Amino acid sequence: MIKKDCIVLSINGRKFKFSVGTGFGDVSPSETLTHTLRRRLGYTGSKESCDAGACGCCAVIADGEAIASCMALTVEMDGKSITTIEGLEDPIEGLDPIQQAFIDEYSFQCGYCTPGIIMVAKALFMSNPHPTANEISEALSGNYCRCISQYTVLRALNKLAGNENAELATFTRASDEVEDPIPVRQELYLSPYANGHVCAHSLD
Amino acid sequence: MKHFEYMQAESFADAAATLKENTDHRISVMAGGTDLLGALKEDILEDYPETVIGLKGIKEADYIEFSGDTVEIGAMTRLSAIASSDEIAARAPILAEAAYSVATPIIRNVATIGGNVCQDVRCWFYRYPHQIGERFDCMRKGGNECYAIRGDNRYHSIFGGMKTHATPCEVECPAATDIPAYMERMRAGDIHAAARIIMEANPIPMITSRVCAHTCQEKCNRNNTDESVAIHLVERRIGDYILEHAEEFYAPPTAETGKSAALVGSGPAGLAAAYYLRSAGHSVTVIDSQEEPGGMLTYAIPSYRLPKHYVKDLADAYRKMGVKFMMNTTIGKDISAEELEKRYDKVFLATGAWQRPVLGFDGEEFTEFGLQFLKEVKQWVGKKERQNVLVVGGGNVAMDVAVTAKRLGAKSVTLACLEGKLEMPASAEEVARAVEEGVTVMNGFGVSRLLYDGEKINGMELVTCVSVFDQNGRFNPTYDHDSKTVVEADSVLVAAGQKADLSFIEEKYSIALNRGLIKVDEGTQKTSRSGVFAGGDATTGPATVIKAVRTGRLAAEAINREFGIETPKRFSKPGFITYDTEGAQNGTAVRERELPAAERSLEKEDSFTIGGEECLTEAKRCMNCGCYSVNASDISPALIALDAEIVTTKRTIGADAFFTTKLEARDMLDRDELVVSIRFSVPSGFKMGYKKFRVRNAIDFAIVSLAYLYKVEAGKITDAKLVLGGVAPTPIRAKEAESAMIGQAPSAELAGKAAESAIEGAAVMKDNAYKVQIVRALVKQMVAAMR
């Protein structure tokens with residue numbers, strides 16, 4: 001059994017050493033990574049939203065993989081290398097291409113979920129520089145956006161992945177096997193962003 | 001999250017050793033943590049761990065190995081690794097699909113297969129966060145009630161629940177009758193099986209249903225919202241059925257053991273012991289000083305509550321069973337206790353509590369003893385010599401005395417007892433009956449002295465009782481001697497503090513006593529003398545009939561054990577428990593039909609046995625309390641389908657046994673046992689997959705899932721295995737559907753047939769019937785895709 005008195009985390013390339021315990025300033029064993037990042041270190045980019053691993057707002061990259069930081073104990077992150085949205089911008093090169101693509105495509109509205117989405121996307125692009133449209137959708141399936149920014153998020157990421165002609169978002173409907181389906185006039189109810197096409201009324 | 005200590009395990013053996021050594025310490029084991037951290041954050045369990053042992057450091061448990069046809073996956077392998085393994089996808093796609101369906105990528109990157117198979121349920125009542133309005137103390141947590149039975153149960157079981165522990169009604173019953181089990185049999189229309197369940201705990205339900213205080217009803221979970229199930233009314237109908245079919249239920253044993261037992265006292269304790277001893281094949285002799293068997297049942301309980309023919313018929317049934325009754329025989333007079341011990345292998349003493357106590361007030365010798373009054377009630381009939389009666393006592397005997405006196409024609413009956421209205425030992429119904437018939441109840445009074453003139457009684461002086469019990473809960477009344485009341489009466493009946501009848505104990509006969517009662521071991525009813533057991537009121541003081549039944553049964557079981565006969569295992573129905581959806585919503589209990597107060601008499605029974613239909617209505621109101629949640633794991637149905645094995649630090653358990661034996665898979669593990677790996681052989685020639693229906697295509701748990709394996713050869717299905725998840729407390733095999741498919745050629749017709757078979761036995765709840773349709777759809781889709 002190892003009882004940890006001290007842990008070392010590399011966060012955005014910087015080493016942080018914490019003592020573990022109940023004393024003043026110590027990291028409690030029950031502290032989540034979200035808590036450590038936001039309240040202890042001030043890295044408030046990753047958000048604490050549902051605190052149950054369901055929304056993806058707190059996503060960070062740990063040793064190359066995207067995880068929900070609210071579902072990870074800081075003590076268990078000992079020795080790991082963590083990247084948050086704050087560590088994405090290169091001091092010389094500037095913004096990460098994903099960040100730039102999000103700006104270019106205006107892929108956010110309120111922006112609360114955006115850091116989590118970008119970190120999950122970053123992890124995907126690190127392991128797979130040219131993901132398919134489906135791979136992108138799947139990777140982001142744990143991220144929730146309540147302003148419906150996902151159409152523009154997918155457009156940005158698909159552009160980046162080189163899926164210029166991909167059907168960027170498709171309607172998935174239940175395969176209703178009813179004998180007499182109610183006809184839906186798709187063309188009337190289609191969102192201008194639904195297929196990723198430029199619409200006469202859109203600004204871009 | 002509240003604080004806990006954290007320890008990182010270096011190996012499974014290391015973690016197991018720590019768990020074994022620290023039994024007094026609350027420890028939780030954490031694999032990936034995605035389930036446990038959620039539970040800890042919301043503080044859903046009262047038992048918060050002092051220490052969490054993290055298993056993430058066990059790197060060597062993160063592997064997927066293939067050797068020949070066998071696949072072994074380390075417990076700490078993350079679900080993302082299983083979902084993305086090309087080899088798993090090729091050889092066991094069912095598992096790859098199941099792993100891929102779990103939550104979201106950012107969860108799968110952390111969650112492990114070992115943690116997944118041990119995860120807790122997702123019932124929203126169970127998971128209700130403590131911070132927002134306190135956690136639910138549901139049955140699964142050791143509480144009393146399942147809130148999903150009548151609450152929102154959209155996501156709950158469609159195949160019934162699972163018993164977690166004894167229900168409050170069952171715990172309350174001194175004889176521990178499995179009430180929900182017999183109610184379920186009644187709902188199924190099987191009164192015979194229901195009767196058998198009662199007889200396992202109590203062989204005289206036709207009597208207890210009439211006279212028992214049925215405190216079980218006070219503990220019924222329905223009391224929290226409407227009315228308790230009228231348990232005793234259902235029991236009474238079953239009891240009458242038993243008596244009507246006495247030859248079957250009181251059948252002589254198939255073989256004699258050649259052992260003998262003498263039971264002293266033919267009251268409820270003696271009768272209970274006699275039944276279980278005789279059933280086991282011993283020669284049983286019941287000895288009683290009275291003319292008729294039954295003890296208090298015959299002589300103390302008035303006929304209007306328990307008509308005597310029930311006791312007579314029961315005694316006749318016992319005689320046909322081979323029980324010998326030796327009446328008019330008093331121990332200590334006609335035969336000594338020592339002599340009994342010589343003549344019989346075992347002796348059971350249940351002589352009851354018939355002795356008049358000495359309360360020690362002036363004039364006590366002119367008052368009458370309530371029990372004696374009840375015993376001799378016949379000779380008082382027609383003589384209106386009591387005008388104003390005062391009854392002293394607050395128990396059921398006192399109520400019987402008061403009501404009987406009133407029905408005999410007394411002008412006024414007053415009942416004085418020490419206890420306050422809520423503390424009275426008599427059951428509320430009995431008190432209500434007495435009040436209804438015009439008895440005046442005076443609470444909080446003790447006797448001070450009798451007011452008399454020569455032998456003529458004028459009344460009684462009562463003193464205010466301040467408290468009945470002392471700080472230790474012992475009976476130790478204190479009085480305010482400055483506060484006195486006088487009740488005018490020409491007759492005073494004392495019906496309190498009846499003492500155990502120990503007159504049989506002669507000088508030479510030594511038996512340990514405790515405060516005037518025979519001292520016995522709890523659970524075996526053994527006395528200080530070897531081979532001698534005791535029970536009933538002689539060991540407890542005046543108590544209920546059902547308590548006496550309990551002591552009689554326990555003694556019989558202990559005697560049987562000494563004879564080398566084990567108590568037969570109690571009834572337990574295989575499968576899940578069910579209840580009636582509509583009945584559970586029915587807030588009104590069936591009422592007992594009684595004679596109007598004006599028509600009641602001393603001889604005729606006051607109430608009637610309910611009819612079959614009413615009985616069914618009432619049985620349907622029983623909620624069959626248990627846990628009606630569903631298993632949340634996606635991996636477990638897949639592992640059952642694959643016939644996998646769960647390897648722990650101690651043994652190897654088959655997936656089917658691991659996931660379906662107990663309510664929680666974790667309960668299959670000892671405190672210091674951990675899942676080490678999952679192993680299975682790749683089934684050859686099978687097609688397989690995992691279908692999961694949920695509201696959202698990410699994060700959600702299955703509303704219904706289907707893990708399937710099948711083999712199609714020459715156009716026919718030669719083998720199939722279907723496991724449904726999310727529909728019952730554990731994953732379940734759809735065996736009916738499997739056998740409907742095997743040997744058939746896949747077709748649209750077969751798809752429909754298999755779908756219907758898969759939902760056979762479904763017992764939907766109020767809000768979840770839609771799940772049945774989903775089960776059908778998944779099975780149909782599977783068959784439709786068969787090639």
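Small disclaimer: the values here were computed from a predicted structure and weren't measured. Residue numbers start from 1 in every chain, and the chains themselves are labelled A, B, ... in the order their sequence lines are given, proteins ahead of strands.
For CZ of A:Arg40, the number of neighbouring non-hydrogen atoms (other residues, nucleotides, ligands) closer than 6.0 Å is greater than 12. Within a 6.0 Å sphere centred on CD1 of A:Ile2, heavy atoms belonging to other residues, nucleotides or ligands number more than 12. The 12-atom threshold is not exceeded at OH of B:Tyr100, counting heavy atoms of other residues, nucleotides or ligands nearer than 6.0 Å. Within a 6.0 Å sphere centred on CD of B:Glu134, heavy atoms belonging to other residues, nucleotides or ligands number 12 at most. The 12-atom threshold is exceeded at CZ of B:Arg696, counting heavy atoms of other residues, nucleotides or ligands nearer than 6.0 Å. Other residues, nucleotides and ligands contribute only 12 or fewer heavy atoms inside 6.0 Å of the OH atom of A:Tyr144. Crowding of B:Lys650 atom NZ: a count of heavy atoms from other residues, nucleotides or ligands under 6.0 Å exceeding 12. Heavy atoms of other residues, nucleotides or ligands lying less than 6.0 angstrom from CD of B:Glu50 number more than 12.
Highest contact tally toward chain A, considering only B:Asp700, B:Thr18, B:Leu40, is held by B:Thr18 [criterion: heavy-atom pairs under 4.5 Å]. Looking only at heavy-atom pairs under 4.5 Å with chain B, the residue among A:Gly116, A:Cys70, A:Ala62, A:Gly21 that has the most is A:Cys70. Contacts with chain B were tallied for A:Leu140, A:Asn143, A:Ile67; A:Ile67 has the most, counting heavy-atom pairs under 4.5 Å.
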| request: Could you please spell out the steps behind the side-chain contact (heavy atoms from CB on, under 4.5 Å) verdict for B:Ile53 and A:Met1? | output: CA-CA 9 Å; B:Ile53 294 181; A:Met1 261 324 139; 4.0 Å; yes
| message | For a side-chain contact (heavy atoms from CB on, under 4.5 Å) check, start with the C-alpha distance between A:Val20 and B:Tyr6, then their side-chain angles and the critical distance, and finish with the verdict. | response | CA-CA 9 Å; A:Val20 178; B:Tyr6 179 86; over 6 Å; no
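For the pair A:Ser30 (side chain) and B:Lys2 (backbone), a donor-acceptor distance under 3.5 Å is present. In terms of modelled atom types and a separation under 3.5 Å, the side chain of B:Lys41 and the main chain of A:Asp51 share a donor-acceptor contact.
Of all heavy-atom pairs spanning B:Pro105 and A:Ala139, the tightest one is CG-O, 3.6 Å. Contact between A:Met71 and B:Val110 at its shortest, heavy atoms only, is O-CG1, 4.5 Å. Considering all non-hydrogen atoms of both residues, B:Ile107 and A:Ala68 come closest at CD1-CB, 4.5 Å. Residues A:Ser141 and B:Ala698 approach most closely at O-CB, 3.1 Å, considering heavy atoms.
The structure places SG of A:Cys50 at 7.5 Å from CD1 of B:Ile699, a figure rounded to the nearest 0.5 Å. The distance from the SG atom of A:Cys55 to the CD1 atom of B:Ile106 is 7.5 Å, given to the nearest 0.5 Å.
For A:Glu138, the parts lying under 4.5 angstrom from a heavy atom of chain B are both the backbone and the side chain. B:Leu36 does not touch chain A: none of its heavy atoms, backbone or side chain, sits under 4.5 Å away. With a 4.5 angstrom heavy-atom cutoff, B:Ala103 does not touch chain A via any of its atoms. Of the two parts of A:Ala123, neither the backbone nor the side chain holds a non-hydrogen atom closer than 4.5 Å to a non-hydrogen atom of chain B.
Counting only heavy atoms from C-beta outward, the side chains of B:Met30 and A:Glu76 approach each other to under 4.5 Å. Using a 4.5 Å heavy-atom cutoff, the side chains of B:Gln8 and A:Asp78 are not in contact.
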